[in-house]
Amino acid sequence: MTQIKIVTDSTALLTAAEVADLDINIVPLSVMIDDHSYQDTVTISRDEFVEKMATAKTLPKTSTPAIGTFTDVYERLLAESPETQIISIHLTVGLSGTFDAARQAAAIVDDKRITVIDSTFIDRSLAFQVLQAAKMAQAGDYSVAQIVNAIKATAAKTHLYLTVASLDNLVAGGRISRATGFIGGLLQIKIGAHVVAGEILVESKGRGGKATKAYLQHIIEQMQAAPNGIAMIGIAHVAIPKEAAAFEAQLQSIFPDAQILVGQTSPTVSTHTGVGAFGISYLEN
C-alpha cells in the first residue's frame, strides 16, 4: 500500500503538535549572524533570532538548505518502504531558492517518487497547504495526484498580506534604494502589501501607525467579503506579540468560527521586513 510522506521547510508556521500529530518532516533553512551559522528552529529559535538580529553588526543572511540535506531526508523516508512517495511543499521562489534545491535533490534521489511543489506562499499560508496534504496523507485514502489537486485548491483559497513598519532592513538587504529608505525613514512610511502568486505587490504607503491600522482594516474588509466565510487565520509577526494578540482578539470577535494561530515569523521574513512587521494569512472555506 502506498504511503505518502509530507516534507516542508522551516519557514512554515506550524505548531509542534501539528508537526508531531501529522508526521510532517521539516527541512531547516540556515541563517548567518555575524559569521555564525544557525539552523532555523533547530539551533536557534525564532525569538532568539529576533534578539540576535537586534544586536548584530550587520543584517543577518538566510540561505537555502543544502541539496545534501534534502537528499538525506528523501532517502531516509523512501527507505521505509518501496511503496513510499513524497510530496515536498516549500516557500515561494520569490524569497528563496529552497524549492530549486528540493527539486534538484529529488532528481538525484528518485524524482518519480518525489513531487516538489512551490507553494507561492510562506508562513501560515504555506502551512495551510502542508496541513491539507498531511491530513490527506494520514487518512491513507488518497493518491499523490489527488493530494496535489487539493493543495492547488487550498492555494487558490489562500490570501497573504504584509505590513512593514520600517524600511531599514529592506534597505540593508538591497530590496529598495538607500535614498528611498532614508526618505521613508524620515517620514515614518509604513507599507502594506498583498502577496499574489509569490509576488509582493505594494498596495499602501502612509505615515505612522494610522496607516498600518487603515491597511489592517482593509484586510478585514477583504476577509468579510469572502463568500463562504473564513476557515483559518494566521498572524505572523516580528517581535510585536502584544499587537499581534490584540489583532487576534479583534479577528476572533469578527470570525468566531475561524481557527487562529499567532506566532513569531521565520528568520527569512524577519530579515527582510524588520521588527514591527505583520503577516496576515487566511484560508477561505
Side-chain angles (χ1 to χ4, degrees), residues 8-15 18 29 40 46 62 89-96 98-99 117-133 150-165 169-170 175 190-205 211-238 240 243-244 247-248 250-252 254-255 258-274 276-285:
T8 189
D9 57 72
S10 60
T11 68
L13 181 55
L14 294 159
T15 68
E18 288 170 340
L29 273 71
D40 180 21
R46 293 182 171 192
T62 57
I89 314 166
H90 300 287
L91 79 158
T92 172
V93 295
L95 289 177
S96 170
T98 299
F99 167 78
I117 295 174
D118 172 12
S119 72
T120 72
F121 287 107
I122 196 170
D123 265 319
R124 193 62 174 172
S125 292
L126 164 58
F128 293 157
Q129 296 179 36
V130 174
L131 292 170
Q132 177 66 56
I151 291 170
K152 291 179 180 178
T154 297
K157 295 187 294 183
T158 297
H159 302 269
L160 172 59
Y161 292 87
L162 305 172
T163 68
V164 179
N169 283 39
L170 290 171
R175 298 284 169 166
K190 314 297 182 183
I191 291 176
H194 189 191
V195 180
V196 180
E199 297 293 327
I200 300 176
L201 307 178
V202 175
E203 293 186 327
S204 171
K205 296 179 183 178
T212 298
K213 289 181 179 179
Y215 192 67
L216 292 177
Q217 182 57 41
H218 164 72
I219 296 170
I220 291 173
E221 291 170 359
Q222 295 301 308
M223 296 170 72
Q224 290 175 312
N228 299 310
I230 305 300
M232 302 177 74
I233 301 171
I235 302 173
H237 65 90
V238 184
I240 48 170
E243 291 86 344
F247 192 49
E248 175 192 17
Q250 181 182 6
L251 291 177
Q252 196 71 81
I254 300 171
F255 307 101
Q259 176 190 329
I260 302 179
L261 177 67
V262 178
Q264 186 87 253
T265 192
S266 68
T268 298
V269 176
S270 297
T271 297
H272 292 309
T273 62
F278 261 134
I280 297 94
S281 307
Y282 67 89
L283 175 65
E284 297 183 20
N285 282 313

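All figures in this text were calculated on a predicted structure; none of them were measured in a lab.
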query = Do any N or O atoms from the side chain of Ser281 and from the backbone of Leu160 form a donor-acceptor pair under 3.5 angstrom?
reply = no
key: Donor-acceptor contact present, side-chain Asn285 to main-chain Asn228, <3.5 Å   = yes
Considering non-hydrogen atoms only, spot the tightest contact between [X] and [Y] and give its length.
X: Gly234; Y: Arg124; answer: CA-CG, 3.6 Å
X: Phe99; Y: Leu91; answer: CB-O, 4.5 Å
X: Thr120; Y: Asp118; answer: N-OD1, 2.9 Å
X: Gly279; Y: Leu162; answer: CA-CD2, 4.0 Å
X: Thr265; Y: Arg46; answer: O-CD, 3.3 Å
X: Ser119; Y: Gln129; answer: O-NE2, 3.1 Å

request  = Would you check if the distance from the ring center of Tyr282 to the ring center of His159 is below 6.0 Å?
outcome  = yes
[X] [atom1] to [Y] [atom2] distance, which is reported to the nearest 0.5 Å:
X: Ile219; Y: Phe247; atom1: CD1; atom2: CZ; value: 6.0 Å
X: Ile151; Y: Thr158; atom1: CD1; atom2: OG1; value: 11.5 Å
X: Leu131; Y: Thr154; atom1: CG; atom2: OG1; value: 9.5 Å
X: His218; Y: Met223; atom1: NE2; atom2: CE; value: 12.0 Å
X: Asp123; Y: His237; atom1: CG; atom2: NE2; value: 10.5 Å
X: Leu261; Y: Glu248; atom1: CG; atom2: CD; value: 8.5 Å

inquiry  = Does either side chain, that of Thr11 or that of Ser266, offer a donor lying less than 3.5 Å from an acceptor on the other one?
reply    = no
ask   = Does the side chain of Ile233 come within less than 4.5 Å of Gln259's, by heavy atoms?
value = no
ask   = Heavy-atom distance under 4.5 Å between the side chains of Thr92 and Leu126, does that happen here?
value = no
message = Does Glu18 form a side chain to side chain contact (heavy atoms under 4.5 Å, CB included) with Leu13? I'd like the steps, not just the answer.
response = CA-CA 10 Å; Glu18 288 170 340; Leu13 181 55; over 6 Å; no
ask   = With respect to His90, which candidate in Asp9, Thr98, Thr8 satisfies the side chain to side chain donor-acceptor pair (under 3.5 Å) definition?
value = Asp9
request  = Mind running side chain to side chain contact (heavy atoms under 4.5 Å, CB included) on Leu95 and Thr62 for me, showing each step along the way?
outcome  = CA-CA 10 Å; Leu95 289 177; Thr62 57; over 6 Å; no
task = Report the C-alpha separation of Phe255 and Ile260 in whole Å, then their side-chain angles, then the decisive distance to 0.1 Å, and conclude whether the side chain to side chain contact (heavy atoms under 4.5 Å, CB included) test is met.
result = CA-CA 9 Å; Phe255 307 101; Ile260 302 179; 5.9 Å; no
